[in-house]
Amino acid sequence: MSGPLAGIRVLELGQLIAAPFATRLMAEFGAEVIKVEPPGEGDPLRKWRKMHEGTSLWWYLQSRNKKSIAVNLKSPDGLAIVTQLAQGADVVVENFRPGGLEKLGLGWDVLSALNPNLVMVRISGYGQTGPYRDRPGFGAIGESMGGLRFTTGDPSTPPARVGVSIGDTLASLHGVIGALMALLRVKTGQGAGQVIDVSLVESVFNVMESLVPEYDLLGEVRTRTGGALPGITPSNTYPSRDGGFVVIAGNSDPIFRRLMNAIGRPDLAEDPAFRNNEGRSHQAAMLDGVIADWTRGRTVAEALAVLDAAEVPAGRIYSVADIVADPHYTARGMILEAELPGDTRVKMPGIVPKLSETPGAVRWPGPALGAHTDAVLSDLGFDEAGIAALRQKGAVA
């Protein structure tokens, strides 16, 4: 096993999105990730969205490079196995509701006493403390309470969601960042392990830019603005002659001048009123109208050709079909092929980020439920008879 996290053992006690996406990133960069699943159905993600031979395509992506073990956490023997795994792990990642692991006897006080260098990433809706800690919380709630939904969509319609589970994913990324910082502390001898407390709400809130100071100092409540970027002008989505859309970001001072010259408005390029973003933002609607009038007279391809030549950041809005067909994605290794059961080949997303010396890699797609139970138990010292006895007692499957 190679990668910058080679030699790091991660125990995943999670399901669906937030914890599993965090551990997927670790697995892609060389960590040994052991995913604990309940016998029978396993992680519910195995049955979400589109299927291949009864298993979710999302599962094959979300759980690639992971080892699956089927362990009954309601069994004393099953809990003992997980405790032993945590004792030898560098990181535990979980997304139970706060207090869930404690009820099982797997809380931080227990595991850290057994393994003082352990790093525990705890992802929950509202965090491990506070008056809302016991509430159930999915990514949609994090996006709502974190401020994202209120600012997303058209002002004439109810608040919208983005097309993916961005609240969960943001929490995952914060969890990975926290885990790596804590691991660095442990591995460089600066101190012992610690808890990484990640809230879905706070992970969304953390990317909401200047939302709070604008409200506190100026009374400004940022709301939905469609495709525009409020207070940063011009940056919007504009219609084309062929029914498509062009995203144009002409919001830096020199880029704005290049944009205006490219669309035949040198008068606006040189107008002192538009010399900086503040001046442009005062007349954002007028400038958007000027740009939209220009894009409406051209196809997407024609508009992009002009803007690319003028070095103005612009692009079409991609569907997944556009992504898969784009040569840049291919050149960057962002479309990979995986082999699924039944000798089926399928395209999957590549790995991000790109590390020059220790890149990530895909070794296998999401495994069958319990595919690695015997191997992991063998590593813990169980022989065939011991593993059979655990199965007989319903501790593992």
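Treat the numbers as computed from the prediction; the structure is a model and nothing was measured. All values below come from the heavy atoms of this structure, side chains included, with hydrogens, waters and symmetry mates left out.
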Thr55 side, atom OG1; Lys47 side, atom NZ - distance, nearest 0.5 Å:
5.0 Å
Return the minimal non-hydrogen interatomic distance between Lys66 and Ala27, and the atom names on each side.
CG-CB, 4.4 Å
Report yes if the side chains of Leu200 and Asp168 come closer than 4.5 Å at any heavy-atom pair, otherwise no.
yes
Do the side chains of Lys67 and Glu32 get close enough for a salt bridge, i.e. N-O under 4.0 angstrom?
yes
Of Asn236, Thr237, Thr295, the residue whose pairing with Ile248 passes side chain to side chain contact (heavy atoms under 4.5 Å, CB included)
Thr295
About how many Å separate CD1 of Ile387 and CD of Gln392, when rounded to the nearest 0.5 Å?
14.5 Å
Compare all side-chain heavy atoms of Ile141 with those of Arg135 and state whether any distance is below 4.5 angstrom.
no
In Å, rounded to the nearest 0.5 Å, how long is the span from CZ of Arg275 to CD of Glu270?
8.5 Å
Could you grab the distance from atom CZ of Phe274 to atom CZ of Arg265, nearest 0.5 Å is fine?
9.0 Å
To the nearest 0.5 Å, tell me how far Met260 CE sits from Ile291 CD1.
4.0 Å
Using side chain to side chain contact (heavy atoms under 4.5 Å, CB included), reason through Glu12 and Met26 one step at a time and then give a plain yes or no.
CA-CA 11 Å; Glu12 183 197 310; Met26 296 177 187; over 6 Å; no
Quick one: are Leu79 and Leu73 in side-chain contact, heavy atoms under 4.5 Å?
yes
What heavy-atom pair brings Lys35 and Gln15 nearest, and what distance separates the two atoms?
NZ-CA, 4.3 Å
May I ask you to list the residues sharing a hydrophobic cluster with Phe205, side-chain cutoff 4.5 Å, ordered by chain and number?
Val212
Does atom CD of Gln190 have more than 12 heavy-atom neighbours, drawn from other residues, nucleotides or ligands, at distances under 6.0 Å?
yes
Side chain to side chain contact (heavy atoms under 4.5 Å, CB included) between Ile8 and Leu183: does it pass, once the steps are laid out?
CA-CA 9 Å; Ile8 299 297; Leu183 276 174; 4.2 Å; yes
Under a 3.5 Å threshold, yes or no: a donor from one side chain and an acceptor from the other, between Ser75 and Asp77?
no
If you draw a 6.0 Å radius around CD in Glu102, do more than 12 non-hydrogen atoms from other residues or ligands fall strictly inside?
yes
Go through it in stages, so that I can follow the logic: the residues are Lys187 and Asp90, the test is side chain to side chain contact (heavy atoms under 4.5 Å, CB included), and I'd like the CA-CA distance, side-chain angles, deciding distance and then a yes or no.
CA-CA 10 Å; Lys187 297 301 182 182; Asp90 296 286; 2.9 Å; yes
Under the ring pair (Phe, Tyr, Trp, His ring centres under 6.0 Å) test, residues paired with Tyr132 that sit two or more places apart:
Tyr126
Taking atom CZ as the centre, does Arg241 end up with more than 12 heavy-atom neighbours from other residues, nucleotides or ligands that are less than 6.0 angstrom away?
yes
Lys74 atom NZ, neighbour heavy-atom count above 12 within 6.0 Å
no
Distance, nearest 0.5 Å, that separates CG of Leu217 from OG of Ser210:
11.0 Å
Count the heavy atoms belonging to other residues, nucleotides or ligands that lie under 6.0 Å from CD of Glu337, then report whether that count exceeds 12.
yes
Asn206-Ser203 side chain donor-acceptor pair, cut-off 3.5 Å:
no
Is there a side-chain contact between Arg122 and Leu101 in this structure, where contact means two heavy atoms from C-beta onward sitting under 4.5 Å apart?
yes
Residue pair Arg391 / Asp374, side-chain heavy-atom distance below 4.5 Å
yes
Starting from Val362, can I reach Trp364 by hopping between I/L/V/M/F/W/Y residues whose side chains sit under 4.5 Å apart?
no
Assess whether a salt bridge exists between Glu28 and Arg64, defined as any Lys/Arg side-chain N lying under 4.0 Å from an Asp/Glu carboxylate O.
yes
Min side-chain heavy-atom separation Gln84-Phe382 under 4.5 Å:
yes
Contact between Gln62 and Ile17 at the side-chain level, heavy atoms closer than 4.5 Å - yes or no?
yes
Give a yes or no answer on whether the side chain of Ser281 reaches the backbone of Glu278 with a donor-acceptor pair at less than 3.5 Å.
no
In the structure I gave you, are the side-chain heavy atoms of Asp293 and Ile263 within less than 4.5 Å of one another anywhere?
no
For Arg49, look at atom CZ and say whether over 12 heavy atoms of other residues, nucleotides or ligands are found less than 6.0 Å away.
no
